[in-house]
2 protein chains.
Amino acid sequence: MRETDRQEIRHLPLFRGMDSNNFDRLMRGAYVQNFPPQVDLLREGDPSDFLHVLINGSAELFANWNGRETTMSVARPVSTFILAATIQDAPWLMSGRTLEKSRIVLLPSEDVRAVFAEDNVFARAVVSELAQCYRGVLKDAKNLKLRTSVERLANYLLRWQAEHGGGPTFQLGLEKRRLAARLGMTPENLSRSIRALQDHGVQINGTQVEITDHAKLETLAVPTPLIDDPRC
Amino acid sequence: MRETDRQEIRHLPLFRGMDSNNFDRLMRGAYVQNFPPQVDLLREGDPSDFLHVLINGSAELFANWNGRETTMSVARPVSTFILAATIQDAPWLMSGRTLEKSRIVLLPSEDVRAVFAEDNVFARAVVSELAQCYRGVLKDAKNLKLRTSVERLANYLLRWQAEHGGGPTFQLGLEKRRLAARLGMTPENLSRSIRALQDHGVQINGTQVEITDHAKLETLAVPTPLIDDPRC
DNA sequence: TTTCCAATTTGACATTTATCAATTCGCCGG
DNA sequence: CCGGCGAATTGATAAATGTCAAATTGGAAA
């Protein structure tokens with residue numbers, strides 16, 4: 001493993017405060033892989049052998065049922081997935097695949113659990129991470145149950161804008177069909193939602209987004225920290 | 001607080017293994033309240049002053065946005081809510097109200113956090129609880145995104161049956177309008193879904209459910225542990 | 001028991017979302 | 001520069017879900 005990878009992981013909230021020996025122990029069993037795009041990383045139902053740490057690139061976490069498929073979330077660097085399964089020694093609830101060329105560190109779940117059992121700082125960091133994950137999915141569920149698809153798109157755009165400097169123009173950052181799945185709609189429906197937002201202060205050309213009337217968009221989106229603020 | 005309450009709490013997975021002194025410390029600051037039905041317990045957005053432990057009765061956790069409301073989950077005894085907010089010292093993401101006459105123990109969040117900081121066994125129990133909560137909401141989100149409302153109802157019935165002895169007849173255990181909100185549909189839509197299930201091995205009269213053809217219902221519901229098994 | 005009130009059900013209809021097929025668009029490789 | 005191919009868009013239609021109003025039901029209180 002590169003020293004820079006090691007440093008990036010070390011600085012993650014999850015690993016930041018832990019004992020050096022324990023960190024070393026985790027890193028000893030770890031290995032790094034470079035994946036091309038569209039590679040299957042995990043399959044839901046399989047045992048969670050490794051805690052994945054995404055160093056760069058991006059990965060999609062999705063789920064299937066009865067011939068249908070939906071995207072649950074998109075992982076961006078630097079972050080881990082899926083911690084809950086690793087800690088509980090439970091099967092994955094989601095499948096995963098790379099979207100772009102991605103660099104991923106694999107930490108054997110057994111090592112993670114062993115260190116978790118011994119290192120109290122790490123155990124508490126795991127709590128923070130899980131609490132945040134929990135609140136994240138909960139917000140997602142609220143988003144799904146309380147909003148229509150156009151409203152979800154509108155809020156997604158506002159949030160994405162805020163996370164990318166807040167300027168009026170930015171990139172969509174995701175293929176449209178995957179964004180559609182992420183937002184819980186079909187690609188056709190996303191196309192129509194995009195057109196519907198033209199009357200509400202948004203222009204989207206290809207992957208380029210322009211918020212032409214922020215106030216107007218907010219009037220439609222009605223964002224609230226209790227759904228849309230990732231730090232809340 | 002009654003000694004029996006104390007014992008019930010002590011036997012919860014969250015508190016089972018912790019140091020007695022720390023448990024005592026939690027209990028010293030705790031107080032018990034008996035609430036009538038339909039009492040507001042928490043309001044989303046408020047600071048999470050107390051960890052709630054439901055001793056008996058039942059409570060609904062719900063969320064509002066833009067004039068709409070939906071039920072996120074229904075708490076049954078003996079269980080805690082909402083741990084993540086308490087640990088993170090973050091605002092509640094859901095509101096709560098009693099459904100029945102309920103007995104609830106309130107643990108000051110500050111005490112919980114203080115003990116969490118000191119007691120390593122407790123800290124690890126918190127991890128288990130949070131991991132389970134996380135996986136629970138995640139399954140909920142999969143349920144919402146992958147299934148139609150009739151399919152959600154069918155799977156709800158199968159699960160409820162399994163959790164109540166597995167016999168062919170059982171009680172619904174929830175007002176229909178709340179069940180509707182819990183499953184992400186309107187009461188009218190639930191009524192129609194119930195009728196739709198008559199052709200698939202289910203008879204519902206008032207609050208009485210009878211599974212007349214389990215195999216047929218499963219053919220429609222297609223349950224999977226990765227969504228429907230609460231212990232998975 | 002009777003009355004009353006709220007929950008539920010039903011019907012008619014509107015809206016939202018999905019599906020399917022047919023273009024169109026945009027990009028990559030030759 | 002030109003094909004070719006997958007993604008995206010569009011149109012037509014169907015299915016799912018929500019809304020509103022009007023019965024109907026069932027249970028609690030007088």
Side-chain angles (χ1 to χ4, degrees), chain A residues 36-38 60 64-71 97 99-101 143-156 171-200 202-209 220-221, chain B residues 36-38 60 64-71 97 99-101 143-156 171-200 202-209 220-221:
Chain A
Q38 309 303 332
E60 183 183 25
N64 292 92
W65 178 77
N66 208 20
R68 300 170 206 162
E69 175 172 320
T70 190
T71 300
R97 70 167 76 94
L99 291 177
E100 313 166 64
K101 202 158 86 65
N143 197 26
L144 283 168
K145 290 186 87 172
L146 290 167
R147 288 174 174 159
T148 66
S149 47
V150 179
E151 289 164 347
R152 292 198 295 275
L153 173 61
N155 280 290
Y156 176 89
Q171 295 301 115
L172 211 46
L174 203 56
E175 271 178 288
K176 283 183 181 168
R177 64 201 178 104
R178 298 191 199 278
L179 176 59
R182 174 72 185 79
L183 294 176
M185 59 179 109
T186 57
E188 293 95 329
N189 200 358
L190 175 60
S191 265
R192 291 175 185 121
S193 298
I194 286 173
R195 215 166 29 161
L197 286 187
Q198 287 182 359
D199 296 337
H200 298 271
V202 181
Q203 282 296 327
I204 301 186
N205 270 39
T207 142
Q208 171 91 3
V209 184
L220 175 76
Chain B
Q38 311 303 333
E60 181 184 28
N64 291 91
W65 178 78
N66 208 19
R68 299 169 206 163
E69 174 172 322
T70 190
T71 300
R97 69 168 77 94
L99 290 178
E100 312 166 65
K101 202 159 85 67
N143 197 27
L144 282 168
K145 291 186 86 171
L146 289 167
R147 288 174 172 160
T148 66
S149 48
V150 179
E151 289 164 346
R152 292 198 295 275
L153 173 60
N155 280 290
Y156 177 88
Q171 294 302 113
L172 212 47
L174 204 57
E175 273 178 288
K176 283 183 181 167
R177 66 204 176 103
R178 297 190 201 278
L179 176 58
R182 174 71 185 80
L183 294 176
M185 59 179 110
T186 58
E188 294 94 330
N189 199 358
L190 174 60
S191 264
R192 293 176 185 119
S193 297
I194 286 174
R195 215 167 29 162
L197 286 187
Q198 287 183 358
D199 297 338
H200 298 271
V202 181
Q203 283 296 327
I204 302 186
N205 269 40
T207 141
Q208 170 91 4
V209 184
L220 174 77

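Order of the sequence lines fixes the chain letters, A, B, ..., with proteins taken first and strands second; residue numbering starts at 1 for each chain.
- Atom P of nucleotide C:dT16 and atom CG of A:Leu190 are separated by 16 Å, given to the nearest angstrom.
- A donor-acceptor contact shorter than 3.5 Å is absent between the side chain of A:Gln208 and the backbone of A:Asn205.
- For a distance-only test at 3.5 Å, the side chain of A:Arg177 fails to qualify as a donor-acceptor partner of the base of D:dG6.
- Comparing atom distances between the B:Glu175 side chain and each of C:dT9, C:dT8, D:dT9 picks out C:dT8 as nearest.
- Taking 3.5 Å as the limit, the base of D:dG18 and the side chain of B:Arg68 contain no donor-acceptor pair of atoms between them.
- Taking the side chain of A:Glu188 as heavy atoms from C-beta on, and the options D:dT9, D:dG18, C:dA18, the nearest nucleotide is D:dT9.
- You'll find the side chain of B:Arg177 stays beyond 4.5 Å of the side chain of B:Leu190, heavy atoms only.
- The side chain of A:Arg195 has D:dT10 as its nearest neighbour among C:dT17, D:dT10, D:dT17.
- Regarding A:Leu197, its CG atom lies at a distance of 13 Å from the P atom of C:dT16, rounded to whole Å.
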**OP:** Evaluate the side-chain contact (heavy atoms from CB on, under 4.5 Å) criterion for residues A:Ile204 and A:Leu197: first the C-alpha distance (whole Å), next the side-chain angles of each, then the deciding distance (0.1 Å), finally the verdict.
**Re:** CA-CA 9 Å; A:Ile204 301 186; A:Leu197 286 187; 5.8 Å; no

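- We find that CD of B:Glu151 is positioned 13 Å from C1' of C:dA18, with the value rounded to whole Å.
- Side-chain atoms of A:Met185 lie closest to C:dA18 of the nucleotides D:dG11, C:dT9, C:dA18.
- Side-chain atoms of A:Lys176 never come within 3.5 Å of backbone atoms of A:Glu188 as a donor-acceptor pair (strictly under, hydrogens ignored).
- Look at A:Thr148 and you won't find any side-chain N or O under 4.0 angstrom from OP1 or OP2 of C:dT16.
- Taking side-chain N and O atoms only, A:Thr186 has a distance below 4.0 Å to OP1 or OP2 of C:dA18.
- Taking atom CZ of residue A:Arg152 and atom P of nucleotide C:dT16, one finds them 13 Å apart after rounding to whole Å.
- Looking at heavy atoms from C-beta onward, B:Val150 lies in side-chain contact with B:Leu220 at the 4.5 angstrom threshold.
- Atom CD of B:Gln38 and atom C1' of C:dA7 are 13 Å apart (whole Å).
- Counting to the nearest Å, the P atom of C:dA7 and the CD1 atom of B:Ile194 are 16 Å from each other.
- For D:dA8, the OP1/OP2 oxygens have no side-chain nitrogen or oxygen of A:Ser191 closer than 4.0 Å.
- You won't find any donor-acceptor pair under 3.5 Å spanning the side chain of A:Arg147 and the base of C:dT16, going by distance alone.
- For the pair A:Lys176 NZ and C:dG26 C1', the interatomic distance rounds to 11 Å; values are reported in whole Å.
- Atom CG in B:Leu174 sits about 13 Å away from atom P in C:dA7, given to the nearest Å.
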